[in-house]
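Right, one structure below, let's go through it.
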Amino acid sequence: MSAGEPVPDKPMPGGATGQPDSTAILSVRDLRVDFETDDGVVQAVRGVSWDVYEGEVLAIAGESGSGKSVSVLAAMGLLPPDARVSGSISHRGRELLGMPEKKLERLRGSAMSMVFQDPMTSLNPVMSVGDQIAEGVRVHQKLKRHQARERAAELLDLVGIADAARRVDAYPHEFSGGMRQRAMIAMAIANDPDVLIADEPTTALDVTIQAQILDVLERARQAVDSALILITHDLGVVARTAHRLFVMYAGRTAETGMIDDVFEHPVHPYTAGLLAAIPRLDTPRGRRLIPIEGSPPSMLAPPPGCAFQPRCGRASDLCTKYPPPPLTLVSPPAHLSACHHPLDPQQSTSPLQNPNGEDSDA
């Protein structure tokens with residue numbers, strides 16, 4: 001794990017129920033998000049709870065449609081008006097659900113900030129990159145125009161844009177995909193937020209640029225001393241970045257724990273399946289990846305029992321009738337899972353481990 005300084009142990013992180021954790025920067029409790037559509041109600045998030053702490057990198061992982069992006073957009077107050085949101089989302093003990101939009105606007109960009117998935121659609125094509133960064137700075141800080149421009153150049157330099165003093169006047173189309181993502185990171189950290197959220201920040205980038213963007217995110221996080229929530233479907237990205245992992249499936253939590261514990265001893269069949277599907281450098285030529293058979297369920301009508309049971313080799317009649325139990329401690333420290341038939345953490349081994357027990361570099 002290469003994510004900076006170790007994070008101190010936290011009490012029951014990510015899977016606790018009950019009241020929000022007063023020691024967390026951001027606490028989510030029993031979050032539920034529904035969308036009204038012409039075909040019915042989409043149950044995008046179904047009772048999720050997690051926390052993020054000072055200096056921590058929390059990865060929220062799962063396939064497309066698992067609810068991971070919706071949950072953080074709810075925390076940012078960026079869902080469309082037709083979304084029905086319930087539960088609790090608190091920032092340093094202050095409830096965000098129901099907060100007036102004006103107050104939320106003051107928090108966004110200062111206390112919490114987001115790096116969106118596609119920088120080309122997030123950046124204004126008719127404004128220079130520097131002007132867009134400077135605009136965000138002036139909204140939250142009392143700086144003159146030239147001071148905000150200087151700050152924009154400093155931020156572009158911080159995220160690795162060469163000749164930042166000149167490139168501050170460039171337009172988004174003059175930047176490559178990796179440079180645009182760096183500019184988005186610069187914009188996100190412009191006001192020193194204490195929670196930085198990155199939604200699939202390496203999508204559509206080649207492997208080399210992906211690694212560079214992850215390094216930039218970590219450098220930016222440390223520069224402003226913030227926590228980072230990393231939304232991803234790629235557990236290979238998680239392995240080199242996160243302190244703690246929160247796995248979602250069909251709008252619910254499947255498994256959560258410290259990254260090393262989950263990777264070395266996954267206990268939910270879904271997590272084990274995701275790990276088995278990661279490409280490995282030591283895989284013999286011609287051997288195919290191991291996919292998880294089947295597809296995620298429609299969230300218009302999730303299965304009555306465990307949503308993963310149609311794709312699970314360990315499913316029983318119990319799984320078809322009853323939802324999995326709430327997150328249950330399977331091994332210390334705070335490694336929790338929601339499954340009727342979890343793998344034994346003492347016997348399970350990660351598909352990423354070589355036969356001799358050494359971790360691969362996948």
Side-chain angles (χ1 to χ4, degrees), residues 1 3 6-21 23-32 45-63 66-72 74-75 87-89 195 197-198 227-235 237-239 241-275 306-308 312 323-346 348 350 352:
M1 182 168 59
V7 173
D9 290 340
K10 305 296 191 306
M12 295 297 285
T17 57
Q19 296 300 313
D21 188 339
T23 66
I25 302 175
L26 192 64
S27 278
V28 171
R29 287 293 178 273
D30 195 27
L31 178 65
R32 299 175 186 272
V45 179
R46 303 187 292 160
V48 163
S49 299
W50 48 262
D51 302 302
V52 65
Y53 298 90
E54 298 274 2
E56 179 181 44
V57 180
L58 171 67
I60 303 179
E63 294 169 287
S66 63
K68 54 190 188 297
S69 293
V70 172
S71 63
V72 296
S88 172
I89 303 172
V195 180
I197 300 171
L228 171 63
I229 302 174
L230 179 63
I231 310 300
T232 184
H233 64 276
D234 185 351
L235 288 187
V237 168
V238 167
T241 307
H243 299 115
R244 192 156 50 87
L245 177 61
F246 186 84
V247 180
M248 289 185 67
Y249 185 78
R252 286 182 173 155
T253 314
E255 183 169 354
T256 183
M258 301 305 291
I259 194 75
D260 290 342
D261 295 334
V262 177
F263 267 62
E264 292 174 10
H265 300 288
V267 294
H268 197 287
Y270 178 59
T271 307
L274 290 176
L275 290 170
C306 174
F308 187 61
C312 181
L327 283 170
T328 304
L329 186 68
V330 292
S331 66
H335 186 173
L336 303 101
S337 179
C339 181
H340 289 299
H341 305 294
L343 303 169
D344 186 340
Q346 302 303 318
S348 69
S350 170
L352 300 184

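Bear in mind that the values here come from a model prediction, so they are computed numbers and not experimental data.
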Nearest heavy-atom neighbours spanning Pro324 and His340:
CA-NE2, 3.6 Å
side-chain contact (heavy atoms from CB on, under 4.5 Å) evaluation trace for Thr256 with Leu327
CA-CA 9 Å; Thr256 183; Leu327 283 170; 4.3 Å; yes
Would Leu58 and His243 satisfy side-chain contact (heavy atoms from CB on, under 4.5 Å), going step by step from the backbone distance to the final call?
CA-CA 6 Å; Leu58 171 67; His243 299 115; over 6 Å; no
Between the main-chain N or O of Ala24 and the side-chain N or O of Ser27, is there a donor-acceptor pair closer than 3.5 Å?
no
Give me the ring orientation class for Phe308 and His268: parallel if the planes are under 30° apart, tilted from 30 to 60°, perpendicular past 60°.
tilted
Name all residues meeting the salt bridge (Lys or Arg N to Asp or Glu O under 4.0 Å) criterion together with Arg46; count only those two or more places apart in sequence or in a different chain, and write none if there are none.
none
Verify side-chain contact (heavy atoms from CB on, under 4.5 Å) between Val72 and Ile60, making sure each step is shown before the conclusion.
CA-CA 9 Å; Val72 296; Ile60 303 179; 4.2 Å; yes
Could you tell me whether Arg29 and Asp51 make a salt bridge, using a distance below 4.0 angstrom between a side-chain N and a carboxylate O?
yes
Tell me whether Ser66 contacts the main-chain N or O of Glu63 through its side chain, where contact means a donor paired with an acceptor under 3.5 Å.
yes
Closest non-hydrogen atom pair, Ala250 against Ala307:
CB-CB, 3.5 Å
Taking C-beta and beyond as the side chain, do Leu336 and Val267 meet within less than 4.5 Å on heavy atoms?
no
Could you pull out the closest heavy-atom pair between Arg244 and Gly257, with the gap in Å?
CG-O, 3.2 Å
Before giving the answer on side-chain contact (heavy atoms from CB on, under 4.5 Å), spell out for Val57 and Ile259 the whole-Å C-alpha distance, their side-chain angles and the decisive distance to 0.1 Å.
CA-CA 10 Å; Val57 180; Ile259 194 75; over 6 Å; no
Would you find a donor on one side and an acceptor on the other, under 3.5 Å apart, between the side chain of Ser337 and the backbone of Ala254?
yes
Verify, without hydrogens or angle tests, whether Thr253 (side chain) and Val48 (backbone) share a donor-acceptor contact under 3.5 angstrom.
no
Minimum heavy-atom distance Pro342-Cys339, with the two atoms named
CD-O, 3.4 Å
Say you draw a straight line from OG of Ser49 to CG of Leu31; how long is it, rounded to the nearest 0.5 Å?
8.0 Å
Do the non-hydrogen side-chain atoms of Trp50 and Ile229 ever get within less than 4.5 Å of each other?
yes
Spacing of His265 atom NE2 and Leu343 atom CG [to the nearest 0.5 Å]
11.5 Å
If you take all heavy atoms of Ser69 and Ile231, which pair is closest and at what distance?
OG-CG2, 3.7 Å
Reported SG-to-OH distance for the pair Cys306 and Tyr270, which is rounded to 0.5 angstrom
11.5 Å
Ala242 and Ala59 have their tightest heavy-atom pair at CB-CB, 3.7 Å
Identified side-chain contact (heavy atoms from CB on, under 4.5 Å) counterpart of Glu255 within the set Thr271, Leu245, Asp261
Thr271
